[in-house]
Amino acid sequence: MKTKLAILGGLAALALGAGSASAGGSEGSVGVGAEEIFNVNLAGTTFSIGGLSANYDMGQFHVGGVLGFFDDGGNDDTDVFIGGRFYYHLHSTAMSDFSVGASATMGFLGDGNPGSDNSTVMLLEPGFQIRAFVASNVALSFSGGLTLGLLDADGVSIGGQGTGSAGVHYYFF
C-alpha cells in the first residue's frame, strides 16, 4: 500500500512540477514557409497571392510578411507581391492559437500585353487566423476575413469580398 501511495505521490509531484509544453509560436520563435491567399477579385481582375513568408512570434501576438512572384513565361505578365501582417492571439494552447488582426499587401500585376499599363493593387485584409502546430515547430495556418482593395490610381476601383488563405511554417527556437 505504501508503495502505491509513493508511486502516486511521485506521479502527482511530476504532474504539478511540469511546465506547459512549448510549441512554435513560443515567444521569440521565427517561422519560415509559404502561404497562398485564394481568388481575390477586384474590379473584374481575379488573382491569387502566394509566396514565401516568415513570422516572428512575440508571445501575445505575431508579425510577419510575404513575398510572392509569379511569371508564366509570357511577355510582360510578371506578378509581384509584398505584404505584412499583425495578429493578436486571443486564445492559445500548447499546440494552437486563435488570433485576430490584419494584413496589408501591395501587388504589381502584369497583364500580358507588352506596352500596356500594368496594374497596381493595394489590399487591406482584416480577419482571423488559426494556427495548428502539427509538431512542436511546424504550423499549418488558416485565415479568413474581408479583403478591401484599391486597383490602380488612374481609375481607382474599390472592392471588398470575403477571402481565405492557407500556409505552412517551420519554426526555429
Side-chain angles (χ1 to χ4, degrees), residues 23-43 45-89 97-114 116-135 137-154 156-173:
S26 298
E27 187 172 350
S29 62
V30 175
V32 294
E35 62 186 73
E36 179 87 15
I37 301 171
F38 303 107
N39 298 326
V40 176
N41 187 329
L42 190 57
T45 302
T46 300
F47 52 92
S48 291
I49 301 170
L52 301 176
S53 66
N55 286 328
Y56 180 69
D57 204 298
M58 301 179 87
Q60 194 60 33
F61 61 90
H62 67 276
V63 295
V66 62
L67 176 63
F69 177 84
F70 179 75
D71 187 352
D72 68 3
N75 290 328
D76 201 28
D77 65 349
T78 303
D79 299 339
V80 179
F81 295 94
I82 186 165
R85 67 180 155 268
F86 172 90
Y87 283 101
Y88 178 79
H89 305 163
D97 58 45
F98 176 78
S99 308
V100 294
S103 65
T105 306
M106 185 167 194
F108 307 96
L109 307 174
D111 65 2
N113 297 317
S116 68
D117 290 336
N118 293 330
S119 299
T120 303
V121 64
M122 186 70 188
L123 303 172
L124 178 62
E125 299 163 318
F128 68 91
Q129 184 177 70
I130 297 170
R131 294 188 302 175
F133 293 92
V134 295
N137 63 335
V138 177
L140 300 177
S141 60
F142 303 95
S143 305
L146 180 66
T147 298
L148 306 170
L150 296 170
L151 181 64
D152 282 337
D154 304 358
V156 174
S157 174
I158 300 173
Q161 71 172 37
T163 190
S165 67
V168 61
H169 291 87
Y170 183 94
Y171 283 82
F172 297 91
F173 44 85

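Below, all heavy atoms of this structure are taken into account, side chains as well, without hydrogens, waters or symmetry copies.
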If you compare all heavy atoms of [X] against all heavy atoms of [Y], which two are closest, and at what distance to 0.1 Å?
{"X": "Gly107", "Y": "Phe81", "answer": "CA-CD2, 3.4 Å"}
{"X": "Met122", "Y": "Ala104", "answer": "CE-CB, 4.5 Å"}
{"X": "Phe128", "Y": "Gly145", "answer": "CE2-N, 4.5 Å"}
{"X": "Gly65", "Y": "Arg85", "answer": "O-NH2, 3.5 Å"}
{"X": "Pro126", "Y": "Leu124", "answer": "CD-O, 3.5 Å"}

Check whether any side-chain heavy atom of [X] sits under 4.5 Å from a side-chain heavy atom of [Y], and report yes or no.
{"X": "Asn55", "Y": "Tyr87", "answer": "no"}
{"X": "Phe172", "Y": "Asn137", "answer": "no"}
{"X": "Glu125", "Y": "Ile37", "answer": "yes"}
{"X": "His169", "Y": "Ser53", "answer": "yes"}

Would you compute the distance between atom [atom1] of [X] and atom [atom2] of [Y] and round it to the nearest 0.5 angstrom?
{"X": "Phe86", "Y": "Met58", "atom1": "CZ", "atom2": "CE", "result": "9.0 Å"}
{"X": "Glu36", "Y": "Ser165", "atom1": "CD", "atom2": "OG", "result": "9.0 Å"}
{"X": "Phe61", "Y": "His89", "atom1": "CZ", "atom2": "NE2", "result": "9.0 Å"}
{"X": "Asp97", "Y": "Arg131", "atom1": "CG", "atom2": "CZ", "result": "4.0 Å"}

**Item:** Gln129 vs Ser99, side-chain hydrogen bond (donor to acceptor under 3.5 Å, both in side chains): CA-CA, chis, key distance, verdict
**Value:** CA-CA 5 Å; Gln129 184 177 70; Ser99 308; 5.4 Å; no
**Item:** Full working for side chain to side chain contact (heavy atoms under 4.5 Å, CB included) between Phe133 and Leu140
**Value:** CA-CA 6 Å; Phe133 293 92; Leu140 300 177; over 6 Å; no
